[in-house]
Amino acid sequence: MAEYKSDIEIARGAKKQPIQAIGEKIGIPSEHLLPYGHDKAKVSAEFIKSVKGNKDGKLILVTAINPTPAGEGKTTTTVGLGDGLNRIGKKAVVCIREASLGPNFGVKGGAAGGGYAQVVPMEDMNLHFTGDFHAITTAHNLLSALIDNHIYWGNELGIDIRRVAWRRVMDMNDRALRQIIVSLGGVANGFPREAGFDITVASEVMAILCLATDLKDLEKRLGDIIVAYRRDKSPVYARDLKADGAMAVLLKDAIQPNLVQTLENNPAFVHGGPFANIAHGCNSVVATTTALKLADYVVTEAGFGADLGAEKFFDIKCRKAGLKPAAAVIVATVRAMKMNGGVKKEDLGQENIEAVKKGCANLGRHIENVKQFGVPAVVAINHFVSDTDAEIQAMKEFVAAQGAEAILCKHWAQGSAGIEELAHKVVEIAESGASQFSPLYPDDMPLFEKINTIVKRIYRGDEAIADKAIRDQLHQWEQAGYGNLPVCMAKTQYSFSTDPNLRGAPTGHTVPVREVRLAAGAGFVVIICGEVMTMPGLPSKPSSEKIFLNDQGQIEGLF
């Protein structure tokens, strides 16, 4: 079998252009680029404001089937499609999320695409990049410090220390910090209470940064964060602690989108990275809306499978930012179909057409779901060398029977040349004006009904179940004026149900709602279903064990 270079070897061999040349391609003058080295830059707020009157390009969403350990390659396809559209003469920009350090050193590895469809500098993007996540972590923890400090100095706001809702964050997987006791050590250190850490990407500050339209909107949303409740259950906001101004100061650079490039020197915005199963899992509104003013086509991705990622992209991000996607690409692989069809990971290299056909039920469900939003979909079969012609044909026939088209894509091995057919198809769909996008539910639908709508129409479950305390809580929020917010479903990404082992296209399951959280600043209600971790742990053999500097001072093992 042919020897393939690793992603990091390919990235290291990239012939990058200076970031000013990349900005020039989409009309950003060099004085409006704030460079971080030679190959990364932030785009100035002044420039973003100046292009607001420009006509919008076409927005293309890349989503996928439920993720499997076989890997689907959603980011790789997003980057490949951006390059493919540029290759066929369209002015296209890629918009993706920044990578979290937690998964990098844990299980998942990097998040900058793969093979010959990558965004570079890959090492920087998967490590500290331009410091956005550090700024978000700091702003979040400043608020945490201000809460405990306020309680220490007499608690004028009457915060009930049993009802502090604001946890601390760090950008690392550390299960030991999930539940902690703070302020131990006597009178000088405050009042002991239970607390805990989430991972930075689960922070409401991250979600806010990614949904805010500008600095002013950012500051207002930060002020709207509910940090705690008093004994009478009335909320205490971040603005009550006068935290919003200082937090906005810490985030003034972080809200500006980062411009980098693909291996083929096409522009890419990489900005923000909210958790996809606890938050809305999309890159920033600022990056997406700015890219739409500068390009004919903007290719962006949503987190995990279409049941979580696409649903939140449509129901939260598009609803709030007034975006109208022209087409959706659903990424699937033969290997993942086989896995959904019951094949073990170690047996994926063997041809198994029956398993492919059986596993296609998962893909079929996602096609139906995307169409429910009025957005036309095309399937991208991300090619692996072990795929056989008969397996690929079985997938194509299945998708055709669903009234859509599946196109084989070889961008991982061939870059833009391997994805030209998909690029042409996306242009055809987008130019046809077939998209009739609308969210799944109206703003004024009651919160629990919104949950049930998603459970029935997207997950194909019988109903959502929640005990009286949760229903009462939702009702109280409706009374307080939060009933028109969208719901953000937090559940396992591996299944349409809340059971990660239930693959394929299950029906008839119930979806238990374990907890609800009001993210008043971000502007959604988080609905926690089943077991969802807001602070992941590291596996028994973390990826960090294989990451080191070689004799040339280059990073090895990052991906």
Side-chain angles (χ1 to χ4, degrees), residues 132-171 177 179-185 187-255 274 278-279 473 476-477 480-482 485 516-526 534-535:
D132 292 345
F133 283 21
H134 299 315
I136 289 163
T137 304
T138 306
H140 181 114
N141 290 335
L142 168 64
L143 181 51
S144 300
L146 289 172
I147 294 164
D148 286 306
N149 185 60
H150 181 86
I151 294 165
Y152 177 82
W153 288 107
N155 196 3
E156 193 187 324
L157 290 166
I159 293 169
D160 181 349
I161 66 168
R162 301 163 305 172
R163 292 192 174 97
V164 174
W166 194 250
R167 290 155 61 85
R168 287 164 163 81
V169 297
M170 66 185 290
D171 193 25
L177 293 177
Q179 294 296 131
I180 59 170
I181 306 287
V182 293
S183 303
L184 294 177
V187 174
N189 297 343
F191 298 83
R193 65 177 184 87
E194 267 194 83
F197 274 79
D198 294 331
I199 190 166
T200 297
V201 288
S203 165
E204 188 178 346
V205 177
M206 173 69 84
I208 286 170
L209 182 103
C210 291
L211 288 168
T213 48
D214 54 28
L215 255 177
K216 200 174 171 192
D217 184 38
L218 176 79
E219 188 169 347
K220 185 210 168 286
R221 286 169 178 269
L222 292 168
D224 286 343
I225 293 170
I226 293 173
V227 297
Y229 294 88
R230 298 178 181 88
R231 283 181 174 249
D232 64 2
K233 309 269 186 74
S234 62
V236 178
Y237 297 93
R239 73 168 57 84
D240 297 333
L241 292 159
K242 302 184 176 61
D244 42 342
M247 290 171 77
V249 166
L250 285 169
L251 297 169
K252 73 176 175 58
D253 294 332
I255 195 174
I278 196 80
Q473 178 66 85
Q476 279 168 20
W477 288 335
Y482 295 109
L485 296 184
V516 288
R517 296 179 190 171
L518 174 56
F524 52 70
V525 179
V526 181
T534 51
M535 169 54 88

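Keep in mind it's a predicted model, so treat the numbers as computed, not measured.
Ion pairing of Arg162 with Asp160 is present here, as a side-chain N (NZ or NE/NH1/NH2) and a carboxylate O approach within less than 4.0 Å.
Of all heavy-atom pairs spanning Ile226 and Ala165, the tightest one is O-CB, 4.4 Å. Residues Val525 and Trp477 approach most closely at CG1-CZ3, 3.8 Å, considering heavy atoms. What you find for Phe133 and Thr200 is that their closest heavy atoms are O-CG2, 3.8 Å. Heavy-atom minimum distance, Ala228 versus Ile159: CB-CG2, 3.7 Å. Minimum heavy-atom separation, Ser203 to Val169: CB-CG1, 4.0 Å. Between Thr534 and Ile278, the shortest heavy-atom contact is CG2-CD1, 3.3 Å.
Arg230 places a side-chain N or O within donor-acceptor distance of the main-chain N or O of Leu157, the cut-off being under 3.5 Å. No donor-acceptor distance shorter than 3.5 angstrom exists from the side chain of Asp240 to the backbone of Val236, with no hydrogens or angles considered. When atom types are taken as modelled, the side chain of Ser183 and the backbone of Gly190 share no donor-acceptor pair closer than 3.5 angstrom. At least one donor-acceptor pair under 3.5 Å links the side chain of Arg221 to the backbone N or O of Ala522. Side chain of Glu204 to main chain of Gly521: a donor-acceptor pair is present (N/O by atom type, distance under 3.5 Å, no hydrogens or angles). The backbone N or O of Ile181 lies less than 3.5 Å from no partner atom in the side chain of Arg193, so there is not a single donor-acceptor pair. Under a 3.5 Å cut-off, the side chain of His150 and the backbone N or O of Leu241 do not form any donor-acceptor pair.
Residue Met247 holds its CE atom at 6.5 Å from CG of Leu142, rounded to the nearest 0.5 Å. Ile161 contributes atom CD1, which lies 6.0 Å from atom CD1 of Ile151 (distance to the nearest 0.5 angstrom). Here the CG atom belonging to Asp132 is positioned 10.5 Å from the OG1 atom belonging to Thr137, to the nearest 0.5 angstrom. From Met206, atom CE reaches atom CD1 of Ile208 across 11.5 Å, with rounding to the nearest 0.5 Å. Separating the CZ atom in Arg167 from the CD atom in Glu194 is a distance of 9.5 Å, to the nearest 0.5 Å. Rounded to the nearest 0.5 Å, atoms NZ (Lys233) and CD (Gln476) are 6.0 Å apart.
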Can you check side chain to side chain contact (heavy atoms under 4.5 Å, CB included) on Leu211 and Phe524, steps first, answer last? CA-CA 11 Å; Leu211 288 168; Phe524 52 70; 3.9 Å; yes

Could you go step by step and tell me if Leu215 and Lys252 meet the side chain to side chain contact (heavy atoms under 4.5 Å, CB included) rule? CA-CA 7 Å; Leu215 255 177; Lys252 73 176 175 58; 4.3 Å; yes

Passes salt bridge (charged side-chain N to carboxylate O under 4.0 Å, His left out), Lys216 versus Asp214? Steps please. CA-CA 6 Å; Lys216 200 174 171 192; Asp214 54 28; over 6 Å; no

Side chain to side chain contact (heavy atoms under 4.5 Å, CB included) between Leu485 and Leu518, intermediate numbers included: CA-CA 10 Å; Leu485 296 184; Leu518 174 56; 3.9 Å; yes

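Residues passing the side-chain contact (heavy atoms from CB on, under 4.5 Å) test with Ser144, sequence neighbours excluded: His140, Asn141, Trp166, Arg168.
Between Leu222 and Leu251 there is a side-chain heavy-atom pair separated by less than 4.5 Å. Contact annotation: the side chain of Ile225 never approaches that of Tyr237 to less than 4.5 Å [non-hydrogen atoms, C-beta and beyond].
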